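Keep in mind that this is a model prediction, so the values were computed, not measured. Basis for what follows: all heavy atoms, side chains included, without hydrogens, waters or symmetry-related copies.
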Amino acid sequence: MTETNSETYHPAALEPAMQALWSSARLHRAERGTGESYYCLSMFPYPSGRLHMGHMRNYTICDVMSRFQLMQGRRVLQPMGWDAFGLPAENAAMANGVPPAEWTRSNIAHMRGQLKSLGFAIDWDREIATCNADYYRWNQWFFLRLLERGIAYQKTGTVNWDPVDQTVLANEQVVDGRGWRTGALVEKREIPMYYLRITDYAQELLDSLAQLDGWPERVKAMQANWIGRSEGAEIAFACADQVIRVFTTRPDTLMGATFMAVAAEHPLARRAAESNPDLAEFIRECQQGGVSEADIATQEKRGMDTGLKAIHPLTGDELPVWIANYVLMGYGEGAIMAVPAHDERDFEFALKYDLPIRQVISLPDGQVYDDRHWHEAYAAKDGELVNSGNYTGLSCSDGFAAIVGDLEAKGAGQARVQFRLRDWGISRQRYWGCPIPIIHCKACGAVPVPEQDLPVRLPEDLVPDGSGNPLNRCEAFLNVPCPKCGQPARRETDTMDTFVDSSWYFLRYTCPDNDQAMVDERTSEWMPVDQYVGGIEHAILHLLYARFWTKLMRDEGLIDIDEPFRRLLTQGMVLAETYYREDAAGRRTWFNPSEVEVRRDAKGGVDSAVLIADGEPVTPGGVEKMAKSKNNGVDPQALVDQYGADTVRLFSMFAAPPEQSLEWSDAGVEGAWRFLRRLWSGVHRHVAGGLPRSALDAQALGDPGRELRRVLHETIAKVSDDYARRLTFNTAIAAVMECCNRLARFEPSDDNDRALVQECWTSLVRLIAPVTPHVAEALWRKLGGAESVFEAGWPGVDESALARQTVTMVVQVNGKVRGRIEVVPGSAREEVEAQARAEDNVARFIDSKTVRKVIVVPDKLVNIVVG
RNA sequence: GCCGGGGUGGCGGAACUGGUAGACGCGCCGGACUCAAAAUCCGGUUCUGGCAACAGAGUGCGGGUUCGAUUCCCGCCCCCGGCACCA
């Protein structure tokens, strides 16, 4: 243990030594210990090649919580694995010609090594990778059960189609409506896909948000809005020999409907286009551009009259039927009744195409309806019905009920609940994913692969080239006899959405070695996850799918929980300053912060920034998320090599609370490094004087000692609360630093004082141990600890140490601070007031004025109101 | 466009339940040590005025409630995350 005896701090030698110690004591194995279980989970990484700062931050947060719980005596499971399927591996294959399997596996090997060097208390025996058949076979197995239950089904869906590469594009591969590689205008295409009926679970997914006390309110709000439950009515409008069904949340405004609008993909639109080339052309135009909601919502509203007329179910009036690009086929019925007077989108459309606007809801007193300009109030539901025949005079809610009642009586409508949530399309026209276990037979149709033939293995030697899924050209994969009739048949070549992989990996960590079952009895021992940690960018999709999948597995009788994650912490992003130079054509070259030197003015403000290489200025481009495109990524490995893992961990926990974005600063890392060096030398100086001979007698301490001990125990109380309840590791670290600063100023005068210093160091080392485990382990042993600091227990608060002789109270006059007084805690109001008024500066401000009121907040503040 | 979040010194942030705005760290300024530098240590550091005591202003902008507002309410501006095939 020479590493711990060195007088100066050398993390490069120390950290591997401490890691070896933990490893041989099997400290990270989840099975060890007898305490209550604690499952602490990070969102598993996509193996992109190197660990980036976002990973580093995520896993440090999780490790701090795991180690804190370990020190509380709990049996901790902190696993790690790889979200190993997905698009980047295919892109890398196109760039380098390396098969995605090879690229992915070598990335995993490298990143595993990086994670190990950071000293995370991970149980590596449970590592999983979703690209391994022993994992994804259970995707396939469960998919077949869902197919049997009717939860999985086939229908057509809309995708982005690149007409040049003849391939389906992901939304991120569509840039300004064009394919990223070819630049061709992207088209929408309808293709058959497999879907999961998440809408069957919409109500439950919404209702059970209420039991997720440990989730941030904002995430629950985002999920609730995403599910988007709305109560309204389904209304049928006759149109020639057809019926147009619409869903509306405002049946009370039915008397204000002046036209109908259908999506370009609506069957009625297609029929109308058959005999009208202009309409067909318009539909073709609507088919251009991307499929993403943001694209559709921001495009200019456009429409065309079909010439068809729908019949208003109550008045019998004829309403023109338009095709409109703001009506979505995927929501409701793909058609709407337009009430331009009371819906902003319909209003805008009516103005543009000069369609009638008919006000049917009254406005607040004095307001007159202006049919040229939209006002928020037009969409309100607190007026009463006007211009509405029999319904005139009713409130909106009474009108809602009366109109729905009449529609029901006529068989033309009914009340209905509609969700914004759509069924989950899981088919991807890509190679690097889990094969969908289906065989297409000319005679028998889509036939599920029999269970005994699972897994359907993905061939690992293919290299995508950008022109569609290479599985389509892989005869060895494609050709297979039909399981039903034995005739030659063809495998499905679509693979599963990677969100399928990430929807249950946390269950598999509990039993990764089971090759007979997806999950087993160990799963219920650990689940639900006690603490889940991951990026806020996953607040909706991943977390919703994981909740859904958990309910599916529950309903298959595989697990017995309703919700997978008890507590959720959504960490913020890691940002860094950007620097660039612009050439004559306006093209920007981005420089990494490590290549730039910042010059400061006399006050410490940024004066200029220059490129170290040539000394010429660069332009600061603002603080942005670390990304390749802005070349502002800071490599954690370089910093770990320079300062050691503990310093990097300390700074990333200190610079911001976990939920907020974190701005990276190399200068800040220096500060963390200095603190650890001070901690190291402080303990060594204390131990060099010999450990104290006798136990601490707190009663015998002098005033400075008693004061220090009060600060220590206040610190223990605060830090414990910060770790356990507030999850603000930045303030916990600040409190430890503050206490260390106090301790450094304390001069022990006898052996009892030295016993106090011993109490301080042994406490502080344990308080910081979750954040900087290697340093803490070494110092703990230096201070005489026989076992690991993580087995040493957590320091307790001595309530008697917290008592104060006096407290400082602030004295305000009319809310402005004018002085301070020292009082005995719990002093009576009158006494405090008298003392406050006697204070010189306070008396000056009261002067001859009349005291109107005196507010006393015990032991804190006095406010004297004069006038 | 829709949903969610954020804005506090030169910088990252703190102020937990409406009660001292700026803890802790960085940077900067001054000092000690040194032949010198680095490292380290000590002191100062919201802005304006003042030698100082102290005073005035101040938490994105504009208003409001309150003895008292970074915190609560109303209206705006800017930045960030998500929008169903990036993960």
Side-chain angles (χ1 to χ4, degrees), chain A residues 43 45-46 48 83 86-88 91 157 159-160 168-174 216-219 221-222 224-226 228 291-299 326 330 345 421-425 427-430 497-499 502 535-542 544-545 570 572-573 575 598 600-607 622-625 651 654-657 659-672 674-675 677-678 681 721-722 725-726 728 730-731 733-738 741 808-812 814-817 820 841 852-855 857 860-861 863-865:
Chain A
M43 289 181 186
Y46 180 81
S48 54
D83 189 10
L87 210 48
N91 294 339
V159 294
N160 302 303
V168 175
L169 298 178
N171 283 337
E172 88 162 351
Q173 296 173 319
V174 178
E217 287 303 323
R218 59 172 163 151
V219 174
M222 282 192 259
N225 289 332
W226 186 260
V291 299
S292 82
E293 192 191 70
D295 286 346
I296 290 160
T298 50
Q299 70 193 355
Y326 71 97
R345 289 163 307 175
L421 182 67
R422 309 198 295 258
D423 276 343
W424 174 14
S427 296
R428 296 291 179 269
Q429 297 70 44
R430 296 189 203 296
D497 180 6
T498 56
F499 277 125
S502 56
I536 182 68
E537 65 273 21
H538 297 291
I540 296 177
L541 293 180
H542 161 60
L544 191 68
Y545 292 145
T570 48
M573 295 174 309
L575 316 174
V598 174
R600 294 177 182 284
D601 59 26
K603 284 185 175 177
V606 173
D607 190 54
V623 175
E624 306 231 23
K625 179 180 180 175
F651 176 71
F654 177 65
E659 305 243 51
Q660 268 178 44
S661 58
L662 179 155
E663 195 174 313
W664 197 263
S665 141
D666 285 350
V669 179
E670 286 277 353
R674 282 203 282 266
F675 170 72
R677 285 174 51 129
R678 277 200 302 275
S681 60
D721 185 48
D722 284 351
R725 179 181 65 87
R726 297 181 66 211
T728 51
N730 57 327
T731 55
I733 294 163
V736 170
M737 287 176 169
E738 208 169 350
N741 292 345
T808 306
M809 288 182 73
V810 163
V811 184
Q812 300 181 331
N814 286 347
K816 284 188 195 291
V817 180
R820 273 160 239 276
N841 200 42
R852 306 235 177 251
K853 201 171 184 181
V854 178
I855 289 117
V857 181
K860 281 200 159 168
L861 167 144
N863 187 12
I864 300 168
V865 184

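Base pairing of B/rC76 is made with B/rG60, judged by Watson-Crick or G-U wobble geometry with both donor-acceptor distances under 3.5 Å. Under the Watson-Crick or G-U wobble criterion, with both distances below 3.5 Å, B/rC83 is paired with B/rG1. Partner assigned to B/rC54 is B/rG49, using Watson-Crick or G-U wobble distances below 3.5 angstrom.
Listed pair A/Asn741 / B/rG25 meets the phosphate criterion, a side-chain N or O lying under 4.0 Å from OP1 or OP2. Side-chain nitrogen and oxygen atoms of A/Lys816 include at least one within less than 4.0 Å of the OP1 or OP2 phosphate oxygen of B/rA57. At B/rA14, one or more side-chain N or O atoms of A/Asn730 fall inside 4.0 Å of OP1 or OP2 (strictly under the cut-off). An OP1 or OP2 oxygen of B/rG4 is reached within less than 4.0 angstrom by a side-chain nitrogen or oxygen of A/Asn225. Remark: A/Gln660 is in phosphate contact with B/rA14, judged by side-chain N or O atoms under 4.0 Å from OP1 or OP2.
Summary of the strand contacts: A/Val857 and A/Ala221 both lie near RNA chain B, and taking for each the nucleotide with the nearest heavy atom, the more 5' one is attributed to A/Ala221.
The residue A/Thr498 sits close only to the backbone: its heavy atoms come under 4.0 Å of sugar-phosphate atoms, none of a base. Counting any heavy atom pair closer than 4.0 Å across all strands shown, A/Pro45 reaches no nucleic acid atom.
Counting heavy atoms from C-beta on, the side chains of A/Ile733 and A/Asp722 never come closer than 4.5 Å.
In this entry the distance linking CZ of A/Arg678 with C1' of B/rC24 reads 11 Å, nearest Å. Taking atom CG of A/Leu861 as the reference point, atom C1' of B/rA15 lies 15 Å away to the nearest angstrom. Between the CG atom of A/Asp666 and the C1' atom of B/rG27 there is a distance of 14 Å, given to the nearest Å. Atom CG of A/Leu544 and atom C1' of B/rG4 are 15 Å apart (whole Å). Atom CD1 in A/Ile733 sits about 18 Å away from atom P in B/rG12, given to the nearest Å. Look at CZ on A/Arg674: it is 8 Å from P on B/rA39, rounded to the nearest Å.
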Pairs under 3.5 Å (N/O, protein and nucleotides 62-69 of chain B):
from   : atom 1 : to       : atom 2 : distance (Å)
B/rC67 : O2     : A/Asn863 : ND2    : 2.6

Between the protein and nucleotides 80-85 of chain B, which nitrogen or oxygen pairs are less than 3.5 angstrom apart?
from   : atom 1 : to       : atom 2 : distance (Å)
B/rC83 : O2'    : A/Glu293 : OE1    : 3.2
B/rC83 : O2     : A/Glu293 : OE1    : 3.0
B/rA84 : OP2    : A/Glu293 : N      : 2.9
B/rA84 : O5'    : A/Asn171 : ND2    : 3.4
B/rA84 : N6     : A/Arg420 : O      : 3.1
B/rA84 : N1     : A/Arg422 : N      : 2.9
B/rC85 : OP2    : A/Arg428 : NH2    : 2.5
B/rC85 : O4'    : A/Arg428 : NE     : 3.2
B/rC85 : O3'    : A/Asn171 : N      : 3.3
B/rC85 : O2'    : A/Asn171 : N      : 2.6
B/rC85 : O2     : A/Arg430 : NH2    : 2.1
B/rC85 : N3     : A/Gln429 : OE1    : 3.4
B/rC85 : N4     : A/Gln429 : OE1    : 2.5
B/rC85 : N4     : A/Gln429 : NE2    : 3.4

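Here the nucleotide nearest the side chain of A/Glu738, chosen from B/rA23, B/rG1, B/rG13, is B/rA23.
A/Glu738 meets the side-chain contact (heavy atoms from CB on, under 4.5 Å) test with no other residue; sequence neighbours excluded.
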